[in-house]
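Written out below as structure tokens is the structure these notes cover.
Side-chain atoms are counted along with the backbone in the values below, which use heavy atoms only and exclude waters and symmetry mates. In this text the structure is predicted, and so the values were computed from the model without any measurement.
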Amino acid sequence: MQQQDITPKLKEGLSNRHIMMISLGGVIGAGLFVGSSAAIAKAGPAVVISYLITSVMVFLVMRMLGEMAVIQPDTGSFATYARKAIGHWAGFTIGWLYWWFWVLVIPIEAIAGAHILHAWFPLLPSWLYALLFVVGLSFANLFSIKNFGEFEFWFSLIKVIAIVSFIVIGSLAVFGLWPLAPEVSGISHLFSHGGFMPNGFGSVLGAVLITAFSFFGVEILSIAAAESEKPQEKIRKATNLVLYRTILFFVVSIFLAVCLVDWRAAGLQQFGTFQYVLMSLNVPATKLIIDTVVFVAVASCMNAALYTSSRMLFSLGARHDAPRIVTSVNAQGVPRVAVIASTIVGMLCCLANYLFPDQIFSFLLSTTGAIALLVYLVIAISQLRLRHSLDAKGQTPDFKMWFFPWLTWLVIGIIVMVLGYMLFSPLYRHETLMSFGVTLLVVICGVYVTRHRKPE
């Protein structure tokens, strides 16, 4: 293991308030503000159940990840644990898939942010805004881990304030206390348009597919905590708060939305859930407010994508699964080559969108359709095997998954069921097959590297 000893160390530059706010607001993305309308259209008011199911599943996955992360905090996070629990090829595969997912998030968020900026300031073309957006955040991330933490602190704070404000306004409206729209009140919309579950329970499960991707990214905490002091303590606290955060931010806010407006309303799809609800409540400057919050959410997500992709690439390099040059760090302990490499790939994908919008970029996006669920599946399998290994040695982790192994098996079963549904559903089959195809290709590469790697 001597080769690993010379790998440069990342600086522990994230403070308590950085980790606290990342854990609190990091899960809130543009998918909640805009994408939730698609889930509502799928399941109707019963979408609340979809969000609740997803919240519990994500919480259990985070509890499993937390158990492993407390034992061994690592920037490679679940890729490191998969390598240890399943085999080197598994760590190689899930690490590269995760890096690929977040590298593609960079152009997605850059394009979304550029559209908003172009609408505000049409003097510059959208492609230039996208380029400046990527370069600006990448430049900030190159200097210090504190820059990432500081950006994410303020981004998350704004998102949390926005969600809490929406919940307060929505709650007042439900009880008929919102002065700007006294005629909008009560919960009759929950039952008056085809019932609470108008499209059956199958639609609730279908909506889980949509909601699940809104939650993806909460696991970043286990990566970020490794660059802070006393990471075990921070991981414990943040993991325990996951369920409360997701229920408050997702379940409660969406519950209020379907209480206050007709789930069939065309405006939900046209304007997005939060904007349409606030418009119905006559909130002044609704569009500007929501556009600003969505822009912050987009910037936050791209900031997280730059950070996460670079740290996973650094971890792959540290384990000889990527060129060693990506482990190079600057004086501030930032993996500069990994940041630059991830940024360049993200920018090339962004360029592909503007040059071939319906060809290359759409093809690339389709390869990530099932990666989030595959990551969760690998986390569950890794925890199952590592915990069995500890139990065989008579060791019990201080921070552990409840009702082991039954809850772990339950999560594995749910994820496999959802993946099976995606595979056989005409709506998701193409993306699922593309994701499986890319996964198979990376697995083959991982097996090849494992068999031909030099002994450490």
For W89, does the CH2 atom have more than 12 heavy-atom neighbours from other residues, nucleotides or ligands under 6.0 Å away?
no

Do N141 side-chain atoms and L137 backbone N/O form a donor-acceptor pair below 3.5 Å?
yes

Less than 6.0 Å separating the ring centroids of W402 and F59?
yes

Return the CE to OG1 distance between M62 and T246, rounded to the nearest 0.5 Å.
10.5 Å

For the CG atom of L52 and the CE atom of M57, what is their distance to the nearest 0.5 Å?
12.0 Å

Strictly distance-based, threshold 3.5 Å: is any side-chain N or O of R336 a donor or acceptor partner for the main-chain N or O of L142?
no

Please report the shortest heavy-atom distance between L373 and I415, naming the atom on each side.
O-CG2, 3.5 Å

Using 30° and 60° as the class boundaries, would you call the ring planes of W99 and W96 parallel, tilted or perpendicular?
perpendicular

What one should report as the nearest heavy-atom pair of A69 and Y81 is CA-OH, 3.2 Å

Under 3.5 Å, is there a donor-acceptor pair between the side chain of T239 and the main chain of R236?
no

Give a yes or no answer on whether the side chain of S342 reaches the backbone of V339 with a donor-acceptor pair at less than 3.5 Å.
no

Does L32 offer a backbone N or O that forms a donor-acceptor pair with the side chain of S36 under 3.5 Å?
yes

Nearest-0.5 Å distance, CD1 of residue I379 to CD1 of residue I94:
8.0 Å

Sub-6.0 Å ring centroid separation between F255 and Y51
no

State, with a plain yes or no, whether a side-chain heavy atom of C349 is found less than 4.5 Å away from one of I106.
no

Kindly say whether the aromatic ring centers of F133 and F295 come within a distance under 6.0 Å.
yes

Closest non-hydrogen contact found for L104 with I108 is O-CG1, 3.2 Å

Which value, rounded to the nearest 0.5 Å, describes the distance between H388 atom NE2 and D391 atom CG?
7.5 Å

Go through R319 and S315 one step at a time and tell me if the side chain to side chain donor-acceptor pair (under 3.5 Å) criterion holds.
CA-CA 6 Å; R319 286 157 182 77; S315 178; 3.0 Å; yes

Taking atom CG of L313 and atom OG1 of T327, what is their separation to the nearest 0.5 Å?
9.5 Å

Heavy-atom closest pair, residues A380 and T408
O-CG2, 3.5 Å

Indicate yes or no: at least one non-hydrogen side-chain atom of L374 is less than 4.5 angstrom from one of V378.
no

Would you say that V416 contacts L377 through its side chain, given a criterion of any heavy-atom pair below 4.5 Å between the two side chains?
yes

Looking at M422, is its backbone amide N or carbonyl O close enough to the side chain of S425 to form a donor-acceptor pair, meaning the two atoms are under 3.5 Å apart?
no

Classify the side-chain pair T273/S37 by whether it contains a donor and acceptor separated by less than 3.5 Å.
no

Any sub-3.5 Å donor-acceptor pair from S435's side-chain atoms to E431's backbone N or O?
yes

Calculate, to the nearest 0.5 Å, the distance between atoms CG and CD belonging to D291 and Q275 respectively.
6.0 Å

Taking atom types as modelled and ignoring hydrogens, do the side chains of Q72 and T80 form a donor-acceptor contact shorter than 3.5 angstrom?
no

Using modelled atom types and a 3.5 Å cut-off, is there a donor and acceptor pairing between side-chain atoms of S253 and backbone atoms of F250?
yes

Tell me, please, whether F399 has R63 positioned over its six-membered ring: NZ or CZ under 6.0 Å from the ring centre and within 45 degrees of its axis?
yes

Looking only at non-hydrogen atoms, find the nearest pair between L190 and P45 and report the distance.
O-CG, 3.5 Å

Non-neighbouring partners of A41 that pass side-chain contact (heavy atoms from CB on, under 4.5 Å), sequence neighbours left out:
Q269

So do T396 and L390 actually touch side chain to side chain, heavy atoms under 4.5 Å?
no

Considering all heavy atoms of both residues, which atom of L268 and which atom of I40 are nearest to each other, and what is their separation?
CD1-CG2, 4.1 Å

Residue pairs involving residues 409-446 (criterion ring pair (Phe, Tyr, Trp, His ring centres under 6.0 Å); sequence neighbours excluded)
none

cation_pi(R387, F404) dist<6.0 Å, angle<=45:
yes

Could you tell me whether the side chain of I163 reaches within less than 4.5 Å of the side chain of F274, counting heavy atoms only?
yes

Between W102 and Y98, how do the two ring planes meet: parallel, tilted or perpendicular, split at 30° and 60°?
perpendicular

Apply the side chain to side chain contact (heavy atoms under 4.5 Å, CB included) test between V337 and each candidate in V329, V326, N330; give the one that qualifies.
V326

